[in-house]
Participant: 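Sharing a structure with you now.
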Amino acid sequence: MWFKIHWKTPPPSSTMLHIEFNSALLFHRKPTNPHQISRIQLSSNGWRQKNQKTVEEFKTMVISSNPLAPELHISSHQQPYPSIPFSTDPNNVILPINRRHLLASLSVAVAPFFTSQPPDAGARGLFQMPPARLTNRYYLVRAGESEFESMGIINTNPVAKTSVDSGLSERGKKQTVRAAFELKAMKACEGSCWIWPSITQRAYQAAEIIASVNGVTRSFIVPEYSFLDARGLGAFEGKNLESVSEVYASDSISPSIKPPPINDGTPNESVEDVFVRVTQLMSILETQYSGDTVIIVSPDSDNLTVLQAGLVGLDFRRHRDLSFGPGEVRFVDINSIPTYKQPASAVYKCLNPPSCR
């Protein structure tokens, strides 16, 4: 417990200040400077343990030098004590501070912050597809052709996603450079932008090219380690690229159909599985950023078609109609589907994905 003593007016230099508390001498000294502020501490643990209500009992303090009483202001605080201006009212000579009273007053002061209703306009709850609005601008980019794609081989096993063999082919690098300049022409990174690529080799290489062309530093590249992995095609792993048409035929029947499994570690993901991943990604982005531009770079088309189908409310059985070519760039517009990607038989709306039956 600390006691803070303010000398309000210069006291007589010969006067001794003598303060007692429960017959224990606390302070005995001459005042010096006219406006000096002194501190004393109750360091005796003995009386403190015997007297639990020290703050209340502080009222019994006796100032033996009665002539000085109107010239003093004495307040008590727990260490560290705040700087509190004293009253000029002579009747308020001793102002003990009770911790219980202090907490009560604080609770009254902060109560309006907890009882008032927050504004609904700025609230951001759980992210759902299709969203009512987006707080950021998004550009979707498919990385250029990979080395495996140039050989016509399906490669979706995440074990090899950081391998140099999963990187961009020479043709893929050129496609990505064109995509980077297309983003620049669209002024995607005017001011600033965040680039979120899959950690897959070709996607991260594409992000570096995009950053270089658009004057974005590496600190604005945020690698995504799982939510943007290429869709796992199970038993189709290692087969010819043309066989992927069988997967899309199943997708057109139901978004819950998975490719046949395989035991080499390659996942066999349905459209609904991909939807869960990309929704988690969007939830992170919509929570982490506000009013920013985010460029999402995917190693394959399916991540982006499922994402865009979810954003615009398109039936997932038709996600393939929104397919991205290698190096393709698209601005996210949740109000419409690009005219050149309209499904052949009108727009299959899905207002509660992935339940679009």
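Note that the structure is a prediction, hence the values are computed from the model and not measured. In what follows, every heavy atom counts, from backbone to side chain, and hydrogens, waters and symmetry copies are set aside.
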Participant: Is it true that Phe181 and Val329 fall in one hydrophobic cluster, defined by side-chain heavy atoms closer than 4.5 Å?
Facilitator: no
Participant: Supply the atom-to-atom distance Gln280 CD to Arg277 CZ, rounded to the nearest 0.5 angstrom.
Facilitator: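 So the gap between those two atoms works out to 9.0 Å.
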Participant: Please examine the side chains of Tyr204 and Ile221, heavy atoms only from C-beta on, and report whether any two atoms are closer than 4.5 Å.
Facilitator: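 SC-SC contact between Ile221 and Tyr204 confirmed.
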Participant: Under a single-linkage rule joining Ile, Leu, Val, Met, Phe, Trp and Tyr whose side-chain heavy atoms are separated by less than 4.5 Å, which residues share a cluster with Val159?
Facilitator: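 Reading the cluster by chain and number, Val159 sits alone, since nothing else belongs.
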Participant: How about Ile295 and Asn214: do any of their side-chain heavy atoms sit closer than 4.5 Å?
Facilitator: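 They are not in contact (no side-chain heavy atoms under 4.5 Å apart), so the answer is no.
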Participant: Check the pair Glu182, Tyr139 against side-chain hydrogen bond (donor to acceptor under 3.5 Å, both in side chains), reporting the backbone distance first and the verdict last.
Facilitator: CA-CA 11 Å; Glu182 185 175 350; Tyr139 291 86; over 6 Å; no
Participant: Using 4.0 Å as the upper bound for N to carboxylate O, is an ion pair formed by Arg202 and Glu145?
Facilitator: no
Participant: side-chain contact (heavy atoms from CB on, under 4.5 Å), that's the test. Do Ile199 and Thr162 meet it? Break it down for me.
Facilitator: CA-CA 7 Å; Ile199 196 63; Thr162 58; 4.3 Å; yes
Participant: Any idea which heavy atoms bring Ala143 and Thr176 closest together, and the distance?
Facilitator: C-OG1, 4.4 Å
Participant: Are side-chain N/O atoms of Glu272 and Ser256 paired as donor and acceptor at under 3.5 Å?
Facilitator: no
Participant: Go through the structure and list residues passing ring pair (Phe, Tyr, Trp, His ring centres under 6.0 Å) with Phe148, not counting sequence neighbours.
Facilitator: none
Participant: Would you check if Pro326 and Arg142 make a side-chain contact, meaning some heavy-atom pair closer than 4.5 Å?
Facilitator: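 Yes, their side chains come closer than 4.5 Å.
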Participant: Kindly indicate whether the side chain of Tyr289, heavy atoms from C-beta on, has any atom under 4.5 Å from the side chain of Thr135.
Facilitator: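 A side-chain contact is absent here, since even the closest heavy-atom pair is not under 4.5 Å.
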Participant: Please tell me if the side chains of Ser254 and Phe316 come closer than 4.5 Å, counting only heavy atoms from C-beta onward.
Facilitator: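 A side-chain contact is absent here, since even the closest heavy-atom pair is not under 4.5 Å.
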Participant: Run the side-chain contact (heavy atoms from CB on, under 4.5 Å) test on Lys258 and Ser270 for me, step by step, so that the C-alpha distance in whole Å, both residues' side-chain angles and the decisive distance to 0.1 Å come before the verdict.
Facilitator: CA-CA 4 Å; Lys258 297 175 179 285; Ser270 66; 3.9 Å; yes
Participant: Does some side-chain heavy atom of Ser146 sit less than 4.5 Å from a side-chain heavy atom of Pro299?
Facilitator: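 Of all side-chain heavy-atom pairs linking Ser146 with Pro299, none is under 4.5 Å.
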Participant: Considering non-hydrogen atoms only, spot the tightest contact between Asp300 and Asn303 and give its length.
Facilitator: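 Scanning both residues, the minimum pair turns out to be OD1-ND2, 3.2 Å.
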Participant: Taking side chain as C-beta onward, heavy atoms only, is Ile210 less than 4.5 Å from Leu183?
Facilitator: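 SC-SC contact between Ile210 and Leu183 confirmed.
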Participant: List, by chain and number, the other hydrophobic cluster members for Val164, where Ile, Leu, Val, Met, Phe, Trp and Tyr join if side-chain heavy atoms come within less than 4.5 Å, directly or indirectly.
Facilitator: none
Participant: Given the rule that I, L, V, M, F, W and Y join up when any side-chain heavy atoms are under 4.5 Å apart, are Val306 and Phe127 in one cluster?
Facilitator: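 In one cluster with Val306: Phe127, yes.
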Participant: Report whether Trp196 and Phe331 are members of the same hydrophobic cluster (ILVMFWY, side-chain heavy atoms less than 4.5 Å apart, transitive linking).
Facilitator: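 Yes, Trp196 and Phe331 fall within the same hydrophobic cluster.
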Participant: Give me the one residue out of Val332, Val278, Leu322, Val274 that meets side chain to side chain contact (heavy atoms under 4.5 Å, CB included) with Leu307.
Facilitator: Val278
Participant: Do Tyr138 and Gln308 have side-chain N/O donor and acceptor atoms under 3.5 Å apart?
Facilitator: no
Participant: Following the transitive rule for hydrophobic clusters with a side-chain heavy-atom cut-off under 4.5 Å over Ile, Leu, Val, Met, Phe, Trp and Tyr, establish whether Val297 and Met186 coincide in one cluster.
Facilitator: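 Linked, Val297 and Met186 end up in one cluster.
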Participant: Given the rule in the side-chain contact (heavy atoms from CB on, under 4.5 Å) test, do Met282 and Ile296 qualify, once you have shown the distances and angles that lead to the verdict?
Facilitator: CA-CA 10 Å; Met282 289 300 298; Ile296 298 174; 4.2 Å; yes
Participant: Output side-chain donor-acceptor pairs under 3.5 Å for residues 222-235, partner residues at least two apart or in another chain, one line each.
Facilitator:
{"from": "Glu224", "atom 1": "OE2", "to": "Ser226", "atom 2": "N", "distance (Å)": "2.9"}
{"from": "Glu224", "atom 1": "OE2", "to": "Phe227", "atom 2": "N", "distance (Å)": "2.8"}
{"from": "Asp229", "atom 1": "OD1", "to": "Lys161", "atom 2": "NZ", "distance (Å)": "3.0"}
{"from": "Asp229", "atom 1": "OD2", "to": "Lys161", "atom 2": "NZ", "distance (Å)": "3.1"}
{"from": "Arg231", "atom 1": "NE", "to": "Glu269", "atom 2": "O", "distance (Å)": "2.9"}
{"from": "Arg231", "atom 1": "NH1", "to": "Asp251", "atom 2": "OD2", "distance (Å)": "2.8"}
{"from": "Arg231", "atom 1": "NH1", "to": "Asp302", "atom 2": "OD2", "distance (Å)": "3.1"}
{"from": "Arg231", "atom 1": "NH2", "to": "Asp251", "atom 2": "OD1", "distance (Å)": "3.1"}
{"from": "Arg231", "atom 1": "NH2", "to": "Glu269", "atom 2": "O", "distance (Å)": "3.1"}

Participant: Check the hydrophobic clustering (I, L, V, M, F, W, Y; side-chain heavy atoms under 4.5 Å; chains of links allowed) and say if Leu140 and Leu134 are grouped together.
Facilitator: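 Hydrophobic grouping puts Leu140 with Leu134.
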Participant: Looking at every non-hydrogen atom in both residues, tell me the closest pair between Ala179 and Gly327 and how far apart they are.
Facilitator: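 The answer is CB-O, 3.2 Å.
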Participant: Ring of Tyr248, cation from Arg320 - is the NZ or CZ under 6.0 Å from the centre and inside 45° of the axis?
Facilitator: yes
Participant: I want to check something: taking the side chain as every heavy atom from C-beta on, are Glu286 and Asn136 in contact at a cut-off of under 4.5 Å?
Facilitator: yes
Participant: Phe220 vs Trp194 aromatic rings, parallel, tilted or perpendicular, using cut-offs 30° and 60°?
Facilitator: tilted
Participant: The criterion is side-chain hydrogen bond (donor to acceptor under 3.5 Å, both in side chains); which residues satisfy it with Thr293, sequence neighbours excluded?
Facilitator: Arg137
Participant: For Ala188 and Cys193, work out which heavy atoms get closest and say how close.
Facilitator: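 The answer is O-CB, 3.9 Å.
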Participant: Report the residues that fulfil side-chain contact (heavy atoms from CB on, under 4.5 Å) with Gln205, sequence neighbours left out, ordered by chain and then residue number.
Facilitator: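 With neighbours one apart ignored, the set is Leu168, Gln201.
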